Amino acid sequence: MRISVANILGVLISLGLIVFGVMEVTGSSDLINRWLGSSGSRFLNIPSLAIVLGGVMNAVFITYQPKYIGKAFLSVFLIFNHSKTNNKRLKQDLVKILEWNELIKSNRVKSLNSLAEEHAKEVSGFLFSLLSTNYTQEEIESFGTVNVEEHFYRKMVIVDVLKAMGASAPAFGMFGTLFGLIVMLGKLEDPSGMGPGLAAALITTLYGISVSRFVFYPIAHKLKQIAEMDRFREYFLMEGILMINEKRSAFYIQDRLNSYLQREPNADEIYQPALAAEKA
């Protein structure tokens, strides 16, 4: 994964618009100066934040395994990342598949062992290890599909954890607000304290909605998109390796896998070096 500058700029611009809107609606053109002063503490309430985050953690720790919760919290740092799977990388994978085809044709046993070891952490390594067995084409495809879907399922568990966090955060924000209102109504003999008390109670709901809609749900959708794109690439690799096992020609493999790629002019030029051996 790598940093997406476009995502960062989009988030900064959108947050700038939100701040501008709040300042215009409230007439607080000196909001920044006020934040720097003593009154800035009205938007910072540690107990309210603790109620929201504590409630969210309680809900997910009851439902999910700790290892997935830890990964979900760490994924907060991936909000500006995006998948490496794109059309360019798929083209590079196609070139690799054509090269693997030539290697396996020249020395099947040695090439399969070396490729399985080299790509042991990817679905391609798992499939290369199966090609050296007596499994049928259908069985290899079935095993590969299970491997891809299982890998995708484990990623989606983290997405489900983040969605659960996003769903529970506003609820615990309202819980904190109700709790604050109860405490505030218990001091009706002092009307001057009701305003600040109400503001402190409502800030919990603000925190709950903010972390839900600005953090947990966006990250969940981002990780889901990355997982789906990575799954597409794994099926792309599996399709190529299965055709290698069928001893298809390089031209057939290229044309078949080209159907998965985004249409671009002169795309065939990229693969000509990989087909040189077959042309000869």
Side-chain angles (χ1 to χ4, degrees), residues 7-8 10-12 14-23 25-26 28 30-81 155-224:
N7 279 15
I8 296 177
V11 170
L12 292 177
S14 63
L15 289 177
L17 292 173
I18 293 173
V19 171
F20 174 77
V22 171
M23 293 173 65
V25 170
T26 60
S28 305
D30 60 339
L31 184 61
I32 296 178
N33 293 330
R34 292 168 58 189
W35 272 43
L36 295 176
S38 59
S39 62
S41 60
R42 72 180 61 185
F43 294 102
L44 180 61
N45 190 301
I46 300 301
S48 296
L49 186 61
I51 289 174
V52 173
L53 294 182
V56 168
M57 292 176 63
N58 177 74
V60 295
F61 268 107
I62 292 175
T63 309
Y64 298 96
Q65 297 182 22
K67 65 177 181 179
Y68 293 116
I69 298 173
K71 290 180 180 179
F73 276 111
L74 291 176
S75 66
V76 172
F77 300 101
L78 304 178
I79 191 170
F80 296 118
N81 290 6
K155 291 181 178 180
M156 291 304 297
V157 173
I158 301 176
V159 173
D160 291 338
V161 173
L162 288 167
K163 287 184 177 180
M165 290 178 176
S168 61
F172 284 103
M174 183 59 66
F175 166 81
T177 296
L178 294 175
F179 189 84
L181 289 175
I182 292 173
V183 175
M184 183 194 69
L185 292 176
K187 299 181 179 180
L188 290 177
E189 67 277 3
D190 183 15
S192 62
M194 293 184 64
L198 180 61
L202 293 178
I203 198 70
T204 314
T205 297
L206 176 63
Y207 286 158
I209 295 174
S210 297
V211 297
S212 173
R213 294 297 173 177
F214 286 99
V215 180
F216 294 136
Y217 274 127
I219 297 175
H221 290 296
K222 171 64 71 65
L223 294 184
K224 180 180 179 181

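Please read these numbers as outputs of a predicted model, since none were measured by experiment.
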Measuring from [X]:[atom1] to [Y]:[atom2], what's the distance to the nearest 0.5 Å?
{"X": "Ile62", "Y": "Met57", "atom1": "CD1", "atom2": "CE", "value": "12.0 Å"}
{"X": "Phe214", "Y": "Ile209", "atom1": "CZ", "atom2": "CD1", "value": "10.0 Å"}
{"X": "Leu53", "Y": "Phe73", "atom1": "CG", "atom2": "CZ", "value": "7.0 Å"}
{"X": "Phe216", "Y": "Lys163", "atom1": "CZ", "atom2": "NZ", "value": "15.0 Å"}
{"X": "Thr205", "Y": "Leu178", "atom1": "OG1", "atom2": "CG", "value": "7.5 Å"}
{"X": "Leu223", "Y": "Lys71", "atom1": "CG", "atom2": "NZ", "value": "12.0 Å"}

Closest heavy-atom pair and its distance - [X], [Y]:
{"X": "Ala169", "Y": "Val211", "value": "CB-CG2, 3.7 Å"}
{"X": "Val56", "Y": "Phe172", "value": "N-CD1, 3.9 Å"}
{"X": "Ile203", "Y": "Ser48", "value": "CG2-OG, 3.2 Å"}
{"X": "Pro170", "Y": "Ala167", "value": "CD-O, 3.6 Å"}
{"X": "Val159", "Y": "Ala220", "value": "CG1-O, 3.6 Å"}

Give a yes or no on this: more than 12 heavy atoms of other residues, nucleotides or ligands lie within 6.0 Å of atom NZ of Lys224.
-> no
Within the distance-only criterion (no hydrogens, no angle test), does the side chain of Ser212 pair as donor or acceptor with the backbone N or O of Gly208 below 3.5 angstrom?
-> no
Please confirm whether the backbone N or O of Ala72 pairs with a side-chain atom of Ser75, one donor and one acceptor, at under 3.5 Å?
->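 Looks like yes, one N/O pair under 3.5 Å.
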Can you list every pair that meets side-chain hydrogen bond (donor to acceptor under 3.5 Å, both in side chains) and has a residue in residues 54-65, with sequence neighbours left out?
->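 Qualifying pairs, neighbours excluded: none.
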Does any non-hydrogen side-chain atom of Ile69 lie less than 4.5 Å from one of Met165?
->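 Met165 vs Ile69: side chains touch.
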